[in-house]
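Everything below concerns the one structure shown next.
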Amino acid sequence: MLILRDGKILLGRRRGSHGEGTWAPPGGHLESGEGVEQCARREAREETGLELERVGPAPWTHDRFPSEGKEYVTLFVVAEAPAGEPELREPDTCAGWGWFGWTELPSPLFAPLETLRRSGFDPRTALAAGR
């Protein structure tokens, strides 16, 4: 999910899983019977302690991780978290959170986020358009 505040996106450095050492937004897997928006809200709370507002759909990506033998379709959402500071609630999977400008993203990016960035999608305009 792409969590925005003041035109910046929340990213953390991945630990202990595929893509380790790359910068990625919070995210996770759908639980049985759970909708995409429900999943985004739950994962944001679990990983950062933030409550989301204005959650809307964003593009999806398809990425392969050949060295790990994995392939993923990532369903992005864009949302705001207007209050609170992100907490490091899962230190085994994330080294810490930071806010970054969409045009000043850190490197290296997690593959799905890099694919989304290269597509030309801009979460700031999607949120402003009410998506």
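Scored by the salt bridge (Lys or Arg N to Asp or Glu O under 4.0 Å) test, E20 finds no partners at all (sequence neighbours excluded).
Cluster annotation: V78 and I9 are assigned to the same hydrophobic cluster (Ile/Leu/Val/Met/Phe/Trp/Tyr, side-chain heavy-atom contacts under 4.5 Å, transitive). Cluster annotation: W60 and M1 are assigned to the same hydrophobic cluster (Ile/Leu/Val/Met/Phe/Trp/Tyr, side-chain heavy-atom contacts under 4.5 Å, transitive).
When side chains are defined from C-beta on, P82 counts as touching E53, because their heavy atoms get closer than 4.5 Å. I3 is listed as a side-chain neighbour of L52, based on a closest heavy-atom distance under 4.5 Å. Side-chain contact between F76 and P57 is absent, with no heavy-atom pair separated by less than 4.5 Å. Between L2 and V77 there is no side-chain heavy-atom pair separated by less than 4.5 Å.
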Step-by-step salt bridge (Lys or Arg N to Asp or Glu O under 4.0 Å) determination, E68 to K70: CA-CA 5 Å; E68 293 99 0; K70 295 180 184 259; over 6 Å; no
Full working for salt bridge (Lys or Arg N to Asp or Glu O under 4.0 Å) between E51 and R45: CA-CA 6 Å; E51 295 295 329; R45 243 185 333 274; 3.2 Å; yes
Derivation of the side chain to side chain contact (heavy atoms under 4.5 Å, CB included) call for R118 and T115: CA-CA 5 Å; R118 287 185 182 172; T115 300; 5.9 Å; no
Intermediate values then yes/no, side chain to side chain contact (heavy atoms under 4.5 Å, CB included), T61 and T74: CA-CA 5 Å; T61 63; T74 303; 3.5 Å; yes
Test side chain to side chain contact (heavy atoms under 4.5 Å, CB included) applied to L105 and R117, step by step: CA-CA 10 Å; L105 297 175; R117 186 191 65 76; 3.8 Å; yes
Stepwise salt bridge (Lys or Arg N to Asp or Glu O under 4.0 Å) test for R124 and D122: CA-CA 5 Å; R124 299 165 302 173; D122 187 330; 2.6 Å; yes
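Note on residues 79-102: pairs passing ring-ring contact (aromatic ring centres under 6.0 Å, His included), not counting sequence neighbours, are W23-F100.
A donor-acceptor contact under 3.5 angstrom links the side chains of H62 and E71, judged on distance only.
Counting all heavy atoms, side chain and backbone alike, L30 lies closest to G35 at CD2-O, 3.6 Å. The shortest heavy-atom contact between L50 and A81 is CD1-CB, 4.0 Å. Contact record, R13 with P108: NH2-CD, 3.9 Å, taken as the closest heavy-atom pair. Of all the heavy atoms in A111 and D63, the pair that sits closest is O-OD1, 3.5 Å. Closest approach of C39 to H29, counting heavy atoms only: SG-O, 3.7 Å. Considering all non-hydrogen atoms of both residues, L11 and P25 come closest at CD2-N, 3.5 Å.
The line from CG of L88 to CD of E47 is 10.0 Å long, rounded to the nearest 0.5 Å. Separation of atoms SG (C94) and CZ (R15) is listed at 8.0 Å; rounding is to 0.5 Å. Interatomic distance, OG of S119 versus CD of E114, reported as 10.0 Å (0.5 Å rounding).
The pair E34-R42 meets the salt-bridge criterion, since a charged nitrogen lies less than 4.0 angstrom from a carboxylate oxygen. A salt bridge links E85 with R5: the closest approach of a Lys/Arg side-chain nitrogen to an acidic carboxylate oxygen falls below 4.0 angstrom.
Using the six-membered ring where Trp is involved, Y72 and H18 have ring planes that are parallel, under 30° apart on the 30 and 60° scheme.
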